[in-house]
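Since the structure comes first, as structure tokens, the remarks are kept for the end.
Model, not experiment: these values are computed from the prediction. Each chain gets a letter, A, B and so on, in the order its sequence line appears, and its residues count up from 1. As a basis for the values below, the full set of heavy atoms in this structure was taken, side chains included, without hydrogen atoms, waters or symmetry mates.
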Amino acid sequence: MVFLCCFSNKLCSLGMLLQRWNVLPDLQLSRQVASTGVPGQKGSNSVFVLIMGLSTLGAGAYAYKAIQESKERYASRLARISGQSQDHESSASGAGAAPQGTAALGTHPKVPSHVPFLLIGGGTAAFAAARSIRARDPGARVLIVSEDPALPYMRPPLSKELWFSDDPNVTETLRFKQWNGKERSIYFQPPSFYVPVEDLPSVENGGVAVLPGKKVVHMDVRGNTVKLSDGTQISYDKCLIATGGSPRNLPAIERAGKDVQKRLTLFRKIEDFRRLEKISREVKSITIIGGGFLGSELACALGRRARTQGLEVIQLFPENGNMGKVLPEYLSNWTTEKVRREGVNVLPNAVVKSVSVCGNRLVIKLKDGRKVETDHIVAAVGLEPNVELAKSAGLEVDSDFGGFRVNAELQARSNIWVAGDAACFYDIKLGRRRVEHHDHAVVSGRLAGENMTGAAKPYWHQSMFWSDLGPNVGYEAIGLVDSSLPTVGVFAKATAKDTPKSATEQSGTGIRSESETEAEASEVQISQSSSPMPQVPKQGEDYGKGVIFYLRDKVVVGIVLWNIFNRMPIARKIIKDGEEHEDLNEVAKLFNIHED
Amino acid sequence: MTSYCSGKDRIIFATKEDHETPSSAELVADDPDDPYEEQGLILPNGDINWNCPCLGGMASGPCGEQFKSAFSCFHYSSEEIKGSDCVDQFRAMQECMQKYPDLYPQEDENDGKSSKDLEAASMEASAAKEEEESS
């Protein structure tokens, strides 16, 4: 990350005294993770932040300031979320943040009949594309048409940081604390970043405009036009489809009728966060259905309220353990123990048969006859890509993965690209895929924006993802991370002088060594059905931190970094190489799993 | 070092000592001119990569044009005091930024710290190779 500077120190200081702007390039503050392409440079991720100090007297002194990127893990991870966005942390007070999202609502702007760049969808992928287009094409005019009433925002904090905010007004401010202690909004940019829709054709240097609360319902590929639900027609030169997805529901709940639906949350948007947050303070019991990322993160977030406010939090899912489709079974089971310790009553191997209202409560009947009583249900059972436009546009929907089928350059037709959750793309290294993660929205949106401005680049830079489940489980991953693949996990084993406790303290990963033995004991008991552990682990053997390789045809196609951070460049390099390694323990050495 | 097998999954526990010997794993040498690899701020040919995530919103925001102009001038400046011929461009950028106080906030805190950081940063883009981003 980069930035430069120069100038004699004297000039710099002078400039700084006079006037400064501080611009934090978000991306990088990031959890370095994602992207760094230069393996082996792990120590040098300094973030340089540009500060321009420009003399108001015209002295012409200006300066760049560099800041060192703290390597603290939370640090990087909090910031990473910000994706391509720019940090404008010192802007907007909390109070000012609330209206941000709906700034343009209620107005009826005159929509231009033609825009050079039309982005359908207003999420992270669209925003990343807008950034990329604007950076590469001077003066580009970009229109984002979004069903969401809010301006573009990042979703990860909705199931992560916002739940752990100390601010009682967090549902209004939507601000969360980053690694450096500063707050930022989940909105990528404040309203002033965007150009009014009606001014887009005329504004001097172009810009990005958002038309919120509008849906594109028809696409004429040959005519390069779309039609909105209100009948408005817009023609484009280049179009991005970044329609994302809608949360799935369970058939058993769909059948259940209105009284059940009223007590159901399908979690995806800001409003869902606000509503669930409120409900969590009003009811006595919440049940989360689903053991994947969203379900497990929400369970842990709500689990904190279980401990502080006496809320009952139940999580049930068909798999044997949390993240069972992602993590190898032994690790999934271990994780489940950690989630339980967060105050969540986890019920694995639970398939919902029916849901009904009984008295004032909901009753969930499971296939095996068990019954769960609760007050509210959160169904986090996956995402259905929004592909309604495929029909009118004549675009292909992938029959295996869902989503619009695009080539390695994310292109569907001559002037049409697809990015984010809705894109089923060809990854030259790993084959055809569809990925539902924030970082993928950033990476693919950015790539689509580059290709919409002539880059002709394939999907090359692997996206990553991360998740935290309580203080003991934090991981980052890249590539094909699918528990059905064979895996090799290499974990740091503590020695006598390097007890789990001291390892924890040194690494900061927060392994609670004293309680570890208990966890293992109970783990062995629970796992009788699946018994993933070949034997009781010996002293010092624990899944506290390590690296897990996922193999396909003996080649590493996915890597999970388990409670170790800042190693993503190495992981990315190994995936990119696509080589067969004889001894993965040797590869694991590259990750310094015993270090912080 | 101990190793277990659990079905298709293999588990290795390695002590620090086990991992002290250098890795024998071989990585493929990187192609410095990989046309597809994400680049830093300064491309191998010396051009500026305006899409570098390291720029945050600078190049794509409302003052993107002014920023590009000022920064290009600075980057290519051959004056003795680099950038001293770019006053007009920087002034234009400043004027633009003043119109967007919430996008380009002035920072009033930690003056002392900044000047220290400045010194640390007085090299151009050697850092540009590293990167960024994502997520």
Flag the pair B/Lys68 / A/Pro138 as yes when at least one side-chain heavy-atom distance between them is below 4.5 Å, and no otherwise.
yes
Between B/Phe13 and A/Tyr543, is the ring-ring contact (aromatic ring centres under 6.0 Å, His included) condition met? List the steps.
CA-CA 9 Å; B/Phe13 289 101; A/Tyr543 307 116; 5.6 Å; yes
Under 3.5 Å, is there a donor-acceptor pair between the side chain of B/Arg10 and the main chain of A/Val488?
no
Check whether A/Ser463 gets within reach of chain B through its side chain, its backbone, both or neither, counting any heavy atom under 4.5 Å.
neither
Do side-chain atoms of A/Arg134 reach the backbone of B/Gly61 as a donor and acceptor pair under 3.5 angstrom?
yes
Return yes if a side-chain donor-acceptor contact under 3.5 Å exists between B/His19 and A/Asn585, otherwise no.
yes
Checking B/Lys16 against A/Glu595 for the side chain to side chain contact (heavy atoms under 4.5 Å, CB included) test, could you report, in this order, the C-alpha distance in whole Å, the side-chain angles of both residues, the deciding distance, and whether it holds?
CA-CA 9 Å; B/Lys16 196 169 183 178; A/Glu595 307 298 317; 3.6 Å; yes
Distance col, row B/Leu27:CG vs A/Leu590:CG, nearest 0.5 angstrom, shows 5.5 Å
Are any non-hydrogen side-chain atoms of B/Val28 and A/Lys573 less than 4.5 angstrom apart?
yes
Heavy-atom pair with the smallest gap, counting every atom of A/Ser192 and B/Pro62
O-CG, 4.4 Å
Can you tell me how far CG of A/Leu331 sits from OG of B/Ser6, rounded to the nearest 0.5 angstrom?
11.0 Å
Working to the nearest 0.5 angstrom, can you tell me the gap between A/Ser132 OG and B/Trp50 CH2?
14.5 Å
Spatial distance of atom CD1 (B/Ile12) from atom CZ (A/Phe549) [nearest 0.5 Å]:
9.0 Å
For A/Ala588, is it the side chain, the backbone, both or neither that has a heavy atom under 4.5 Å from a heavy atom of chain B?
both
So which part of A/Leu485 gets closer than 4.5 Å to some heavy atom of chain B, the side chain, the backbone, both or neither?
backbone
What's the spacing between A/Tyr550 OH and B/Asp9 CG if we round to 0.5 Å?
8.0 Å
Could you verify whether a donor N or O on one side chain and an acceptor N or O on the other, from A/Ser484 and B/Lys8, lie under 3.5 Å apart?
no
Given B/Gly64, B/Ser24, B/Pro22, the one with more heavy-atom pairs under 4.5 angstrom with chain A than any other is B/Ser24
Under 4.5 Å between any side-chain heavy atoms of A/Phe193 and B/Asp102, yes or no?
no
Keeping the roles fixed (side chain from A/Arg136, backbone from B/Asn49), state whether a donor-acceptor pair exists under 3.5 Å.
no
Return the minimal non-hydrogen interatomic distance between B/Asn51 and A/Arg446, and the atom names on each side.
O-NH1, 2.6 Å
So how far is it from A/Leu447 CG to B/Tyr36 OH, rounded to the nearest 0.5 Å?
11.0 Å
Side chain, backbone, both or neither of B/Tyr100 within contact of chain A (heavy atoms, under 4.5 Å):
side chain
Scanning both residues in full, the closest heavy-atom pair of A/Gly139 with B/Glu65 reads N-OE2, 3.5 Å
Step by step, work out the salt bridge (Lys or Arg N to Asp or Glu O under 4.0 Å) result for A/Lys493 and B/Asp18.
CA-CA 9 Å; A/Lys493 178 180 182 177; B/Asp18 292 332; over 6 Å; no
Can you see which heavy atom on B/Ser60 is nearest to which on A/Ala135, and at what distance?
CB-N, 3.9 Å
For B/Lys99, is it the side chain, the backbone, both or neither that has a heavy atom under 4.5 Å from a heavy atom of chain A?
neither
Interface moiety of A/Glu204 toward chain B, non-hydrogen atoms closer than 4.5 Å
neither
Check each atom of B/Glu26 against the heavy atoms of chain A and say whether the ones under 4.5 Å are side chain, backbone, both or neither.
backbone
